[in-house]
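In what follows, chains carry the letters A, B, and so on, assigned in the order in which the sequence lines appear, proteins first and then strands, with residues in each chain numbered from 1. From a predicted model like this one, the values you see are computed outputs, not experimental measurements.
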Amino acid sequence: MATAGGDADPPQPFPADLDDNGFPSLPSPPAAAGSTSVFAEDFYRSGTDWSSLRDPPPRRPPEGPPGVKAKEKEGASLVQSSLFQAWGIERPRREGGAAGHSSPVQKSLFQAWGIERPKREGVGAGDPCPSPIRSGSWSGRKRQRGGPGEAAPAAMNPRTCPFYKKIPGTPFTVDAFRYGEVEGCSAYFLSHFHHDHYGGLTKKWCHGPIFCSALTARLVKMCLSVNSDYICPLELDTEYVIEGVTVTLLEANHCPGAALIHFRLSDGKTYLHTGDFRASRSMQLHPLLQRGRVNLLYLDTTYCNPKYKFPPQEDVIDFVVRTARRYLAKQPKTLIVVGAYSIGKENVYLAISQALDVPIYTDASRRRILHSFDWPDLSKRICSCNQSSLHVLPLGSVNHENLKKYLETLNQKFVAVLAFRPTGWTFSEATGKQLDLIKPSSNGSVTIYGVPYSEHSSFTELRDFVMFLRPQVIRSVNVGNVASRDKMQAYFREWLKGS
DNA sequence: GCGATCAGTT
DNA sequence: CACAACTGATCGC
């Protein structure tokens, strides 16, 4: 393929081939034909984010993995990971205790999709069902798109899948469900169950198998009624061979079921797709996330700007609990409300429930979703009686007008509302550092606190993660404007320079 | 009625 | 303020 210009190529940036959209991998002017899609033009105009960011090729560190002495506050909970065992390290525990997934692996399903069963590292346990890889095996289930000569209606001709959702050298896409059938894609990965990622998934889905965590799989089935035949749940920290690629899901520290997706190609190349994630020190303990081992990083850069600072989740939870205690002490007939999207922020209201020993009330649809997590510590605190003094409501309804009305529907049981909006980012810089400076918004009997409880990485967390991982190439998965992407590239270069 | 798309909301 | 992630209105089938 055409190398950009004739200038002396730096050590060949990776990846060097065309991707599935046929975009040249090397930076070249957008002039390259009107055939280039809008996405590609945009991409080139903004400068590339897949040029090599490091001078020399990655080197393994001389010593073993740094910081392996697992100084996590709690001892290890159950370890289901052969990878961790292989490394002889304790697996960091996810606070709150959504320890693991217990849903059994459906063997038949793996056979159906031609996937090799989990590989147990070290042990030659092999796979019990070495069915051949049948990359086109599901094509028979594809819906026929109109008969011969029948043009596809506009509704069936959605935008094309952008390049950053495709995994080069594989027939995989990540979070690409709104484009109908993606050409060349025979396995569709879903990083987590949030609308902007699963958008386009409906019960009519028929374009290929969907790989995701077991928890996400349950939600896809339950909430979207996607045909189970298409849903392929994968356990975390377990290697699967899919279409010849070794795939491992890792805890993403975003929302329940959210996963980082690690791909190892047969040629040894490794890619990490973060989906949405909140980077943490404990991630650095993961055997697959050791220095210099990831060639290409697909990065969630939501808050990749130094203006985004927020405290650790634990600090925010502590603040929320303290505040709730204070209000209840002053007025025992206070209703505590926590706003939340469909999934996410569970630890905020779970912490209140545990600290104040009150059950969690929420509507039937959310109860169903929360119970599906199979998270006993949460399930046992959920109640269906709205007399409890802790309610979870949709974030959108946590405003003064709604809460005032809501209070009235509860017939005198409560005389005041204390509500929390755990939003990713609160504007004030002060509140990022000093939670006690947060000023609530009060209106009559209703008080609302916006709290900086984020399920995305802060700027410094992102920086620390990238500086630790030292990937060869970083590709942002967030579509921002040209200026912000240029700025991000500058940060990446800074973080990775002189390695 | 269903789903895709876009505009609006906090 | 910007942001993620949703909700609602509208339109075509």
Side-chain angles (χ1 to χ4, degrees), chain A residues 143 145-146 150-161 175-181 190-207 216 219 223-226 252 254-258 274-278 300-310 337-346 348 363 365-366 369 392-404 406 419-432 438-441 443 446 448-459 462 476-481 483-484 487-488:
Chain A
R143 181 175 52 178
R145 256 193 203 205
E150 187 183 325
M156 290 179 73
N157 186 22
R159 288 200 315 278
T160 55
C161 177
D175 299 338
F177 298 95
R178 46 176 68 242
Y179 315 101
E181 180 189 352
L190 174 59
S191 65
H192 65 289
F193 195 73
H194 273 157
H195 192 258
D196 46 336
H197 293 259
Y198 66 67
L201 252 188
T202 70
K203 61 170 158 246
K204 302 228 188 88
W205 179 262
C206 60
H207 302 302
T216 301
L219 293 168
C223 301
L224 306 177
S225 305
V226 170
H254 178 62
C255 66
T274 66
D276 281 353
F277 82 130
R278 183 154 184 185
D300 164 26
T301 51
T302 298
Y303 293 126
C304 189
N305 184 310
K307 72 180 175 188
Y308 300 123
K309 306 174 195 183
F310 30 76
V337 167
V338 176
Y341 296 131
S342 61
I343 65 171
K345 326 286 184 187
E346 291 76 16
V348 176
D363 66 35
S365 81
R366 189 188 299 268
I369 289 168
V392 180
L393 297 179
L395 243 194
S397 66
V398 178
N399 56 55
H400 288 288
E401 193 191 335
N402 260 290
L403 291 175
K404 189 172 188 294
Y406 191 67
F420 296 98
R421 308 189 88 254
T423 58
W425 176 68
T426 50
F427 183 66
S428 163
E429 281 217 358
T431 63
I438 296 176
K439 288 275 171 290
S441 144
N443 191 339
V446 177
I448 302 175
Y449 279 80
V451 293
Y453 185 88
S454 176
E455 290 178 332
H456 290 273
S457 313
S458 68
F459 179 76
L462 216 44
S476 169
V477 299
N478 305 80
V479 220
N481 59 47
S484 81
K487 225 171 155 191
M488 276 192 305

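One finds a side-chain N or O of A/Y308 lying less than 4.0 angstrom from the OP1 or OP2 phosphate oxygen of C/dC3. Contact annotation: A/H400 side-chain N/O to B/dT10 OP1/OP2 distance is not under 4.0 Å. The phosphate of C/dC3 (OP1 or OP2) has no side-chain N or O of A/T302 nearer than 4.0 angstrom. Between A/H456 and C/dA2 there is no side-chain N or O to OP1 or OP2 distance below 4.0 Å.
A/H197 and A/D276 share a side-chain donor-acceptor pair at under 3.5 Å. Side-chain contact, A/S191 with A/D175: a donor N or O sits under 3.5 Å from an acceptor N or O. Checking A/N478 against A/T301 by side-chain atom types alone, a donor-acceptor pair falls below 3.5 Å.
The distance from atom SG of A/C161 to atom CZ of A/R178, rounded to the nearest 0.5 Å, is 11.0 Å.
The distance from atom CZ of A/F459 to atom C1' of C/dC3 is 17 Å, rounded to the nearest whole Å. Rounded to an integer number of Å, the gap from CG of A/L393 to P of B/dT10 is 15 Å. The distance from atom CG of A/D175 to atom C1' of C/dA5 is 14 Å, rounded to the nearest whole Å. In this structure, A/D276 atom CG and C/dA4 atom C1' are separated by 8 Å, rounded to whole Å. If you take CG of A/N305 and P of C/dA4, they are 12 Å apart, rounded to a whole angstrom. Across the protein-nucleic acid pair, A/N399 atom CG and B/dT9 atom P stand 12 Å apart, rounded to whole Å. We find that CG of A/L403 is positioned 12 Å from P of B/dT10, with the value rounded to whole Å. Taking atom CZ of residue A/R421 and atom C1' of nucleotide C/dA4, one finds them 11 Å apart after rounding to whole Å.
In terms of heavy-atom proximity, A/V348 sits nearest to A/V338 at CG1-CG1, 4.0 Å. Summarising the geometry of A/R366 relative to A/Y341, their closest heavy-atom pair is NH1-O, 2.6 Å, with the distance given to 0.1 Å.
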What does the list of N/O pairs under 3.5 Å between the protein and nucleotides 6-10 of chain C look like, with a distance for each?
{"residue": "C/dC6", "atom": "OP1", "partner": "A/S342", "partner atom": "OG", "Å": "2.7"}
{"residue": "C/dC6", "atom": "OP2", "partner": "A/H195", "partner atom": "N", "Å": "2.3"}

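The listed nucleotides are C/dA2, C/dA5, B/dG3; the one nearest the side chain of A/K307 is C/dA2.
By the ring-ring contact (aromatic ring centres under 6.0 Å, His included) test, A/Y406 is found to be paired with A/H391, residues two or more places apart in sequence or in another chain being considered.
Using a 4.0 Å heavy-atom criterion, one finds that A/K203 contacts the sugar-phosphate atoms exclusively.
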